[in-house]
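Source: prediction; values computed, not measured. So you know, we letter chains A, B, ... as the sequences are listed, proteins then strands, and number each from 1.
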There are 2 protein chains.
Amino acid sequence: MISKELLKGSLKSIILKLLKENGRMYGYEITQKVDEITSGKIQLTYGALYPILHKLEKDGTVTTDNESVNNRTRVYYKLTKQGQSTAMEKIKELEEFIDTIRTILKPDFGLNNAIC
Amino acid sequence: MISKELLKGSLKSIILKLLKENGRMYGYEITQKVDEITSGKIQLTYGALYPILHKLEKDGTVTTDNESVNNRTRVYYKLTKQGQSTAMEKIKELEEFIDTIRTILKPDFGLNNAIC
DNA sequence: TTGCAATATATAAGAATCTTATATATTATA
DNA sequence: TATAATATATAAGATTCTTATATATTGCAA
C-alpha cells in the first residue's frame with residue numbers, strides 16, 4: 001500500500017488520466033479501476049474522490065450525465081473539450097514529476113533515465 | 001517547474017534521500033542540491049523545508065550540530081541510527097510510488113516497467 | 001558608499017488537500 | 001434476515017504546504 005501522504009497532490013492527475021483513457025466513467029468505477037491497475041497499492045477514498053470530481057465539474061473540466069442501473073444512480077463523468085487539454089497538461093506534468101523524482105532517487109544512472 | 005501541488009507529500013522523502021546520500025547537510029544546502037539535481041524543476045521553499053527538518057529532529061530521525069562559517073550560523077542535519085531505517089523505508093516507499101504511477105501512466109507497457 | 005544579491009535560518013497565517021466518519025439506499029448472496 | 005457489494009455524498013478535522021515576513025552577514029557592483 002502506498003501511503004496516503006505520498007499520494008497527496010497526484011490524485012487529480014490520476015483521475016484525469018483514467019478519464020482520458022476510458023472516455024466515460026462513474027465514481028465507483030474509478031476507485032475499482034485504480035485498485036485494479038495498481039494491484040491494490042493505491043486505494044482512492046470516496047471522501048477524496050467525490051470532492052475532486054465535483055470540483056472538476058464546477059470548473060468545466062468534466063460534464064456529467066446520470067444513468068439509472070438496477071435502480072442505483074450512476075453519475076458518469078466525461079472530459080469536456082477544454083478538459084481534454086487540461087488532462088493532457090496534467091498528465092504531462094505528472095510524467096515530468098516522476099522523471100524528476102527518479103533523477104533524485106537514482107543519481108548514478110543520470111541521463112540513462114531517458115531510455116525508459 | 002513541477003507544480004507545488006504534485007510535490008505535496010514527497011518532500012520529506014526527498015530530504016531523507018539527500019541526507020542518506022550526503023551524510024551531513026544544512027538547510028540552505030538542501031535547497032541548492034534539489035535545485036541542482038532537478039535542473040530547477042523542483043524548488044524547495046524555506047517555509048516547507050524548515051518545519052520538516054524541525055519535525056524530523058523532534059521525532060529522532062535526525063540530529064543537529066551548529067557550525068559558524070563566515071559569521072553565519074549553519075545548522076547541520078544528520079540521520080540518526082534510527083533515522084537510517086526510517087530513510088530507507090521512506091525511499092523504498094517513494095520508489096514503489098513512482099513505479100505504481102508509471103503503471104497508471106503507461107498501461108500499454110505493462111510488466112515491461114520492471115526492466116527499468 | 002550605498003544598495004542589492006547571495007547566504008542562512010525561522011515562523012505565523014492562511015489555503016488546499018486529504019482522512020475519517022457518517023448517512024442514505026438498492027441488490028445479491030449466504 | 002443479515003451482510004457484502006454497489007453507488008453517491010458531505011462534514012469535521014488533520015496535515016501539509018504556500019506566502020509573507022523577519023533577521024543578519026558577506027561580497028560585489030554602480
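Considering only the side chain of Y77(A), dA9(D) comes nearest among dT26(D), dT26(C), dA9(D). Residue N71(B) has its side chain nearest to dT26(D) when only dC18(C), dT26(D), dT9(C) are considered. Comparing dT26(C), dT19(D), dA6(C) by their nearest atom to the side chain of K4(B) picks out dT19(D).
One atom, CG of N70(B), and another, C1' of dA24(D), lie 13 Å apart when rounded to the nearest Å. Note: CG (L49(A)) to C1' (dT20(C)) measures 16 Å, nearest angstrom. Taking atom CD on E29(B) and atom P on dT7(C), their separation rounds to 12 Å, with Å as the unit. Here the C1' atom of nucleotide dT8(D) and the OH atom of Y50(A) are 5 Å apart, to the nearest Å.
In this structure, CG on L7(B) lies 7.0 Å from CG on L44(B), to the nearest 0.5 angstrom. Here the CD atom belonging to E36(B) is positioned 11.0 Å from the OG1 atom belonging to T31(B), to the nearest 0.5 angstrom.
In terms of heavy-atom proximity, M1(A) sits nearest to G40(A) at SD-O, 3.8 Å.
A donor-acceptor contact under 3.5 angstrom links the side-chain atoms of K8(A) to the base of dT15(D).
Comparing A48(A) and E5(A) by the nucleotide of DNA chain D whose heavy atom lies nearest to each, the residue mapping closer to the 5' end is A48(A).
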